Amino acid sequence: MPDKHLHIVAHTVPFPADIGGVIDLFYKIKALHKAGIKIHLHCFTYANRTEQPELNKYCEKVHYYKRHRNIFSASLRLPFIVSSRKSKELLSRLQQDNYPILFEGIHTTYYLQAGKLKNRKTIVRLHNAEFEYYHRLSLHEHNLLKKVYFQFESRLLKKYENKLAKKYFVVAVSEHDVQLYQDLFHAINIQYMPVFLPYSLAVGKEGKGCYCLYHGNLSVNENEKAAIWLLQNVFTDKTVPFIIAGKDPSEALRCKINQHNNCCLVANPTEKEMQDIIRKAQINILPSFNNTGVKLKLINALFNGRHCVVNTAGVEGSGLENACHIAEDKDEFKSAIEQLYQQPFTEEEIQQRQGILQALYNNEANAQQLIKWLW
């Protein structure tokens, strides 16, 4: 059989695999490579995400393009996350053959929507319902300029995603996003595919941990808001130890944590340190203020931690509802902590969780499904 070649256009450099959409993409690349696909990777660089030799292990070729994040890349018609990711070199390379193209994130679809890639087999991988994600960012943003930008970007994204949904094959990361695209945009061809992950086994330790944990990228305003909400509404009882861990916490968050004797901050832990923190926690507490996309921090906690308490928004459409304890308001979160903090995590719970996770997050099976869609 002839080799199968695939172009993947990525919104950023997918290594190191340390943030949401990048984790899905990096382990997807590994799974497709293992399945024999010849990958031609195209990715946009940032100041802190540059060329990575590690990607050469899994790709035939890796091409890098600079993302233009200045005012001249802005558009009154296109979302900035799209208009800032264009390159004549990229278009030229995509047009040199007739290989199928996987667009990772609507961020990368500039030339698709411009009609430059007609009669090509394409898939657009959604990382979120982006218009809703940016709307939520605007609600939680205090900086006026950023708030205005998020609001304007959300309006452009809603129009843009509506057009894409009516023309192209789209693959979402959650059932919620599938339903949203069908109901709101009347998507003509949308499918659900779970994220690709570095884990395959649920390895939460039996027994009891010694603290509650909230973790995430703390530079994201929504995550900071969730951490502050927990501090001010749930961990008012000084007897329960509470750790907040993650990237780039603000000074405001640091100050609020310092006001609580039972709370501490672990700022910018390494991946190994973060996994150790998750494993040693008794309860991973992960409320969310939006229900788009999929919460990779929750999946990480389910594979590697003990009890997990979330709200409906944090788990809706993920298929993980039966692996979590659900709480909606501060009283329900407090009640769940009171119930679970002294309750050992059992082998039976580990096995039940493994069954739920393995049914969804099987990289090899999901790679084969993606290959069927592409060919």
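The first residue of the sequence shown is numbered 1, and numbering continues consecutively from there. This structure is a prediction, so every number in the text was calculated from the model and none was measured.
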Exercise. Ignoring hydrogens and angles, tell me if any N or O in the side chain of Arg120 forms a donor-acceptor pair with the backbone of Leu94 under 3.5 Å.
Key: yes
Exercise. Give a yes or no on whether the backbone of Arg279 and the side-chain of Arg306 come within a donor-acceptor separation of less than 3.5 Å.
Key: yes
Self-check item: Phe80-Tyr65 co-clustered via ILVMFWY side chain contacts under 4.5 Å
Solution: yes
Self-check item: Hydrophobic cluster membership, Val309 vs Ile278, 4.5 Å side-chain cutoff
Solution: no
Quiz item: Out of curiosity, His325 NE2 to His307 NE2, how far, rounded to the nearest 0.5 Å?
Solution: 6.0 Å
Quiz item: Do Glu130 and Lys158 meet the salt-bridge criterion of a basic N to acidic O distance under 4.0 Å?
Solution: no
Practice problem: For residues Asp97 and His7, determine if any side-chain heavy atom of one lies less than 4.5 Å from a side-chain heavy atom of the other. | Solution: yes
Exercise. Compare every heavy atom of Lys86 with every heavy atom of Tyr111, then report the nearest pair and how far apart it is.
Key: OH-CB, 3.6 Å
Quiz item: Are the side chains of Tyr214 and Phe242 in touch, meaning some heavy atoms are under 4.5 Å apart?
Solution: yes
Self-check item: Non-hydrogen side-chain atoms of Ile244 and Cys263 separated by less than 4.5 Å
Solution: no
Quiz prompt | Residue Gln95 excluded, over 12 heavy atoms near CD under 6.0 Å | solution = yes
Quiz item: Quick one: NE2 on His186 to CG on Leu184, what's the gap to the nearest 0.5 Å?
Solution: 7.5 Å
Practice problem: Indicate whether the side chain of Glu224 and that of Ser250 have a donor and an acceptor atom separated by less than 3.5 Å. | Solution: yes
Self-check item: Qualifying residue, where the test is side-chain hydrogen bond (donor to acceptor under 3.5 Å, both in side chains) with Thr346 and the options are Glu348, Glu349, Gln343
Solution: Glu349
Quiz item: Are His11 and Phe44 close enough, and set up right, to give a ring pair (Phe, Tyr, Trp, His ring centres under 6.0 Å), and what steps lead you there?
Solution: CA-CA 6 Å; His11 68 300; Phe44 288 87; 9.5 Å; no
Quiz item: Got a sec: does the CD of Gln358 have more than 12 other heavy atoms crowding it under 6.0 Å?
Solution: yes
Practice problem: Report yes or no: do Asn300 and Gln275 form a side-chain donor-acceptor pair below 3.5 Å? | Solution: yes
Quiz item: Between the side chains of Thr108 and Arg85, does any donor sit under 3.5 Å from an acceptor?
Solution: no
Quiz item: Just by modelled atom types, is the Ile356 backbone N or O under 3.5 Å from a matching donor or acceptor in the Tyr361 side chain?
Solution: no
Quiz prompt | Ring centroid separation His135 to Phe150 under 6.0 Å | solution = no
Quiz prompt | Side-chain H-bond candidate by donor/acceptor type, Tyr181 with Glu161, under 3.5 Å | solution = yes
Quiz item: So, do Leu32 and Leu370 sit near enough that their side-chain heavy atoms are less than 4.5 Å apart?
Solution: yes
Quiz item: How far apart are the C-alpha atoms of Cys212 and Val240, what are their side-chain angles, what is the distance that settles it, and do they pass the side chain to side chain contact (heavy atoms under 4.5 Å, CB included) test?
Solution: CA-CA 8 Å; Cys212 297; Val240 180; 3.8 Å; yes
Exercise. Find out whether the Lys NZ or Arg CZ of Lys166 is both under 6.0 angstrom from the six-membered ring centre of Phe185 and within 45° of the ring's axis.
Key: no
Quiz prompt | Leu55 and Val13, any side-chain heavy atoms less than 4.5 Å apart | solution = yes
Self-check item: Ring-ring centroid check Tyr199 Phe303, cutoff 6.0 Å
Solution: yes
Exercise. Tell me, with the steps shown, if Lys121 and Phe169 meet side chain to side chain contact (heavy atoms under 4.5 Å, CB included).
Key: CA-CA 9 Å; Lys121 191 68 175 286; Phe169 182 19; 5.5 Å; no
Quiz item: Is Leu180 reachable from Leu139 through a run of hydrophobic residues whose side-chain heavy atoms are each under 4.5 Å from the next?
Solution: no
Quiz item: Quick check: are there more than 12 heavy atoms from other residues, nucleotides or ligands sitting under 6.0 Å from CG of Asn322?
Solution: no
Exercise. Would you check, one step at a time, whether the test side-chain hydrogen bond (donor to acceptor under 3.5 Å, both in side chains) holds for His40 with Tyr99?
Key: CA-CA 10 Å; His40 303 258; Tyr99 304 150; 4.9 Å; no
Quiz item: Hey, what's the ring geometry for Phe26 with Phe15, parallel, tilted or perpendicular (30° and 60° as the breaks)?
Solution: tilted
Exercise. Evaluate side chain to side chain contact (heavy atoms under 4.5 Å, CB included) for Tyr160 paired with Phe131, printing each intermediate quantity in order.
Key: CA-CA 9 Å; Tyr160 188 84; Phe131 78 95; over 6 Å; no
Quiz item: Ring centres of His260 and Phe235 under 6.0 Å apart?
Solution: no
Quiz item: Would the number of heavy atoms belonging to other residues, nucleotides or ligands and lying under 6.0 Å from NZ of Lys280 be above 12?
Solution: no
Self-check item: Which atom of Asn284 lies closest to which atom of Gly305, heavy atoms considered
Solution: ND2-CA, 4.1 Å
Practice problem: Could you grab the distance from atom CG of Leu197 to atom CG of Leu357, nearest 0.5 Å is fine? | Solution: 9.0 Å
Quiz item: Is any side-chain N of the basic residue among Asp276 and Lys272 closer than 4.0 Å to the acidic one's carboxylate O?
Solution: no
Quiz item: Just wondering, more than 12 heavy atoms not from Glu347 lying within 6.0 Å of its CD?
Solution: yes
Exercise. Flag yes if Leu213 and Leu340 sit in one hydrophobic cluster, no otherwise; membership is Ile, Leu, Val, Met, Phe, Trp, Tyr, and two members link when side-chain heavy atoms are under 4.5 Å apart.
Key: no
Practice problem: Heavy atoms only: give me the nearest Ile101-Leu374 pair and the separation to one decimal. | Solution: O-CD2, 4.4 Å
Quiz item: Taking atom CD1 of Ile8 and atom SG of Cys59, what is their separation to the nearest 0.5 Å?
Solution: 6.5 Å
Exercise. Report yes if the side chains of Val170 and Ile188 come closer than 4.5 Å at any heavy-atom pair, otherwise no.
Key: no
Self-check item: Non-hydrogen atoms of Ala227 and Leu253 that approach each other most closely
Solution: CB-CD1, 4.2 Å
Quiz item: For Thr109 and Val9, what are the C-alpha separation, side-chain angles and deciding distance, and is it a side chain to side chain contact (heavy atoms under 4.5 Å, CB included)?
Solution: CA-CA 9 Å; Thr109 58; Val9 186; over 6 Å; no
Exercise. Could you grab the distance from atom CG of Leu90 to atom NZ of Lys116, nearest 0.5 Å is fine?
Key: 13.0 Å
Quiz item: Are any of the side-chain nitrogens in Lys225 or Glu222 under 4.0 Å away from the carboxylate oxygens of its partner?
Solution: no
Quiz prompt | Atom of Lys334, atom of Thr236 and distance for their closest heavy-atom approach | solution = NZ-OG1, 3.3 Å
Quiz item: Without hydrogens or angle criteria, can the side chains of Asn311 and Glu328 be said to hold a donor-acceptor pair below 3.5 Å?
Solution: no
Quiz prompt | Any side-chain donor near an acceptor of the partner, Gln342 and Lys208, under 3.5 Å | solution = yes
Practice problem: Report yes or no: does Glu273 contribute a side-chain atom to a donor-acceptor pair with the main-chain N or O of Thr270 at less than 3.5 Å? | Solution: yes
Quiz prompt | Ring centroid separation His107 to His127 under 6.0 Å | solution = yes
Self-check item: Contact summary for Asn366 and Leu360, nearest pair of heavy atoms
Solution: ND2-O, 3.2 Å
Quiz item: Roughly how far apart are His176 NE2 and Glu132 CD, rounded to 0.5 Å?
Solution: 5.5 Å
Quiz item: With a 4.5 Å heavy-atom cut-off, do Gln113 and Leu78 have their side chains touching?
Solution: yes
Quiz item: Are Ile243 and Ile283 in one and the same hydrophobic cluster, where Ile, Leu, Val, Met, Phe, Trp and Tyr link if side-chain heavy atoms are under 4.5 Å apart?
Solution: no
Quiz item: Quick one: does Lys256's side chain get under 4.5 Å of Gln232's, heavy atoms only?
Solution: yes
